[in-house]
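In what follows, a structure is listed as structure tokens, so that the remarks can point back to it.
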Amino acid sequence: MTVRVRFAPSPTGMLHIGGVRTALYAWLWARKNQGQFILRIEDTDAERSTEESVNVILDSMRWLGLDWDEGPEVGGDRGPYFQTKRLSLYQEYAEKLINEGKAYRCYATREEIATAREAYEKETGKRGFRFRSPWRDRTDGDPSQPHVVRLKVSLEGETGWKDVVYGDVSYPNSEQQDFVLIRQNGLPLYNFGCFVDDASMGVTLVIRGDDHLINTPPQLMLYAAAGIEPPKFAHLPMVLGPDGKKLSKRHAAVSVLEYRDLGYTPDGLLNYLARLGWSHGDEELFTREQLIEKFDWDGVGKAASKYDTKKLEHVQSHHLRELSNETLAQKVTPHLRARGLEVSSTDPRLPLAIEPVKLRATTFIDLADGLDYFFREVPEQDEKAVRKFLKQDSVPVLEKWIDIIESAEGESFTPDAMKAELVRWMEAQELKMKHVMPPARVALTGRSKSPGVFDIAIVLGKQRSLERLRKGIEQAKAAEA
RNA sequence: GGCCCCAUCGUCUAGUGGUUAGGACGUCGGCCUCUCACGCCGAAAACAGGGGUUCAAGUCCCCUUGGGGUCACCA
């Protein structure tokens, strides 16, 4: 049987980090098994669903590179892939269950139920009210009147299944009630919509967060009532914030698109997320292909995990460095433009400058920052660095630099050749590297931290290096003694 | 509160009855070094507690504790 899995977000906001991990595992499983990955939009909450959220989800999935075989925009045999476009199907399933006496129309009003709940809580002092509808066995209702459809649930025994990650799980049926399938407005409720869709879309493995563990028994009851073989279930432990609480906006970036804007690579984010809750021996770093090859359910743990941005940054910086300088050039260009630097993504200086900078960057934003002074006509200067290193006594040093770079031609315009010359002079002056490098660094970059000074001079080229050094001398001379 | 799930360094985790309890991030020290990074070397750091079972328990069972989830005409 070919693997068919789905990711079924509800368009009520951004796609967050926990959802991405669920989507990722499903996607990996589909790709690993040459199965189908279905994207289904669960938009039956008319109050909260928005079209904007649908676009955010689609954009997020596309950015992550989690392509879907069936779903919005690509279509498929089992569509439509928006629940609100499948209403007649839910009606059909519901009516079949009603006709078979497995479900019934309930005309009790919300008020009646609320009153009964209050009475129960007042009387027992407990939560956990279960509504017992008087309409369960009545046949005198008028279907033209407002009503909901409920499933006749047996309160005897228990309902369990063998979860792919949790193993045997079961819930006593006494915890259940005749839950609602179709609400008064005709829209299906989560468990029913989910059941109808998974069944009619031929989903073989339901992958979702463990907050859905509790929803599995009702869904299993629906499969049983409809006489349909249920799929398998894999519930994933939660992703919590660093403080062990439910992940929320308070905990750094939680929306996928924020990571895109922060300059992360999809592969870095995905690698980190994959390892959060799944492991493959001691391996930590994976390419997308390796993830597909190595992902398996045995490696998925049962315990909730905490989101750790430090580790994410580490994994991300690794993935950034794995990209070629040419690819990085292309990806970083928009970020350079955002800083007001008009640089072409094919500018030949870009890969050269990227080489030393990428070891110092985690994201494209960092990369753009590290590249800034190479492409800015006049580099922005760190005042503290200027004050500290461009002083009167820096003048001779800077003049020597000018001398070296001016006379450097072809073969001698290399880090090694320049260094040899500088060292010769330095020793004669009884100076150390630490006296001779910082002034040049600040003059060339405006900063006190940067890659090697010689490398920078090479990328900058003779002309621009000389210009900046001359300006540095002016500043040094203007400084107080 | 009822029900369900979970529990190895601060964090992510390896471990499937016999290990000096391993790796990674982070932290701390050192090396490299023109700064910052990268890289390399090293250190501190964990089996929540209590009972069993067993020759032997991080590994199996029970209880306690702690954490999480969920109790809708939300998903």
Side-chain angles (χ1 to χ4, degrees), chain A residues 8-12 42-49 83 106 108-110 113-114 117 124-131 146-150 163 166-167 169-172 174-177 179-185 187-191 193-194 208-217 235 237-238 240 242 244-246 272 275-285 298-299 301-315 317 321 356-361 370 385 389 419 422 426 432-442 445 447-454:
Chain A
S10 59
T12 53
E42 307 210 331
D43 55 352
T44 56
D45 185 340
E47 304 281 298
R48 299 192 299 148
S49 297
Q83 290 191 319
C106 169
T109 63
R110 287 171 188 266
I113 298 170
R117 167 175 287 117
T124 63
K126 294 179 191 168
R127 301 189 55 182
F129 166 73
R130 319 267 150 196
F131 181 59
H147 64 273
V148 300
V149 177
R150 291 179 184 272
D163 195 89
Y166 284 102
V169 183
S170 70
Y171 286 82
S174 56
E175 292 291 309
Q176 303 295 339
Q177 63 180 334
F179 59 91
V180 174
L181 271 29
I182 307 265
R183 41 193 151 188
Q184 209 175 97
N185 65 8
L187 294 175
L189 214 48
Y190 176 71
N191 280 324
C194 187
R208 56 182 18 167
D210 77 1
D211 47 335
H212 285 288
L213 235 23
I214 189 84
N215 289 318
T216 309
H235 287 91
M238 301 262 87
L240 306 171
K245 301 287 183 199
K246 197 167 180 175
Y272 171 70
R275 272 294 281 100
L276 195 63
W278 169 80
S279 64
H280 194 264
D282 283 340
E283 295 174 63
E284 298 280 352
L285 273 8
D298 285 346
K302 299 177 182 178
S305 38
K306 299 186 185 74
Y307 192 69
D308 178 8
T309 51
K310 280 284 185 285
K311 181 111 177 207
L312 165 64
E313 284 170 12
H314 174 260
V315 174
S317 62
R321 277 176 238 148
V357 172
K358 68 178 177 183
L359 287 181
R360 296 163 171 81
F389 297 113
K419 186 173 184 180
L422 183 69
M426 204 178 76
K432 304 253 190 218
M433 283 289 204
K434 67 179 176 185
H435 304 301
V436 109
M437 291 304 217
R441 164 171 289 111
V442 176
T445 71
R447 306 178 182 194
S448 57
K449 301 171 184 175
S450 82
V453 178
F454 296 113

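Values below: all heavy atoms of this structure, side chains included; hydrogens, waters and symmetry mates excluded. Below, read A as the first sequence line, B as the second, and so on, with proteins coming before strands; counting in each chain starts at 1.
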Exercise for the section: For A:K432, report the nucleic acid contact type (base, sugar-phosphate, nothing); a contact means any heavy atom under 4.0 Å. Expected result: nothing
Problem - Qualifying residues under salt bridge (Lys or Arg N to Asp or Glu O under 4.0 Å), relative to A:K311, sequence neighbours excluded - result: A:E284
Practice task
Using distance alone, with no hydrogens and no angle criterion, decide if A:R360 and A:S317 have a side-chain donor and acceptor under 3.5 Å apart.
Solution key: no
Practice task
Answer with base, sugar-phosphate or nothing: what part of the nucleic acid does A:P438 contact at a heavy-atom distance below 4.0 Å?
Solution key: nothing
Fill in the blank from the handout: By side chain to side chain contact (heavy atoms under 4.5 Å, CB included), A:D45 pairs with (sequence neighbours left out) A:E47, A:R48, A:S49
Exercise for the section: Tell me what A:M437 touches on the nucleic acid: a base, only sugar-phosphate, or nothing, going by heavy atoms under 4.0 Å. Expected result: base
Practice task
Indicate, with a heavy-atom threshold strictly under 4.0 Å, whether A:K126 touches base, sugar-phosphate, or nothing.
Solution key: nothing
Exercise for the section: May I ask you to say what A:V148 touches in the nucleic acid, namely base, sugar-phosphate or nothing, with a heavy-atom cut-off under 4.0 Å? Expected result: base
Pull out every protein N or O sitting under 3.5 Å from an N or O of nucleotides 24-29 of chain B, one pair per line with the distance.
unit_1	atom_1	unit_2	atom_2	d
B:A24	O4'	A:E284	OE2	3.4
B:A24	N3	A:K311	NZ	3.0
B:C25	OP1	A:H314	NE2	3.2
B:C25	O2'	A:K311	N	3.3

Practice task
May I ask you to say what A:N215 touches in the nucleic acid, namely base, sugar-phosphate or nothing, with a heavy-atom cut-off under 4.0 Å?
Solution key: base
Handout entry: Nearest to side-chain heavy atoms of A:A303, which nucleotide of B:A7, B:A14, B:A37
Key = B:A7
Practice task
Assign A:G125 to base, sugar-phosphate, or nothing according to its heavy-atom contacts below 4.0 angstrom with the strands shown.
Solution key: nothing
Exercise for the section: Classify the nucleic acid contact of A:R208 as base, sugar-phosphate or nothing, counting any heavy atom under 4.0 Å across all strands shown. Expected result: nothing
Handout entry: Near-ring test A:Y307/A:Y272, centroid separation under 6.0 angstrom
Key = yes
Completion exercise
The residue, A:A108 or A:L276, whose nearest nucleotide of RNA chain B is more 5′ is A:L276
Exercise for the section: Would you indicate which nucleotide in B:C34, B:U13, B:C4 comes nearest to any side-chain atom of A:P172? Expected result: B:C4
Completion exercise
Side-chain contact check for A:M238: nearest option of B:C34, B:G68, B:A75 is B:G68
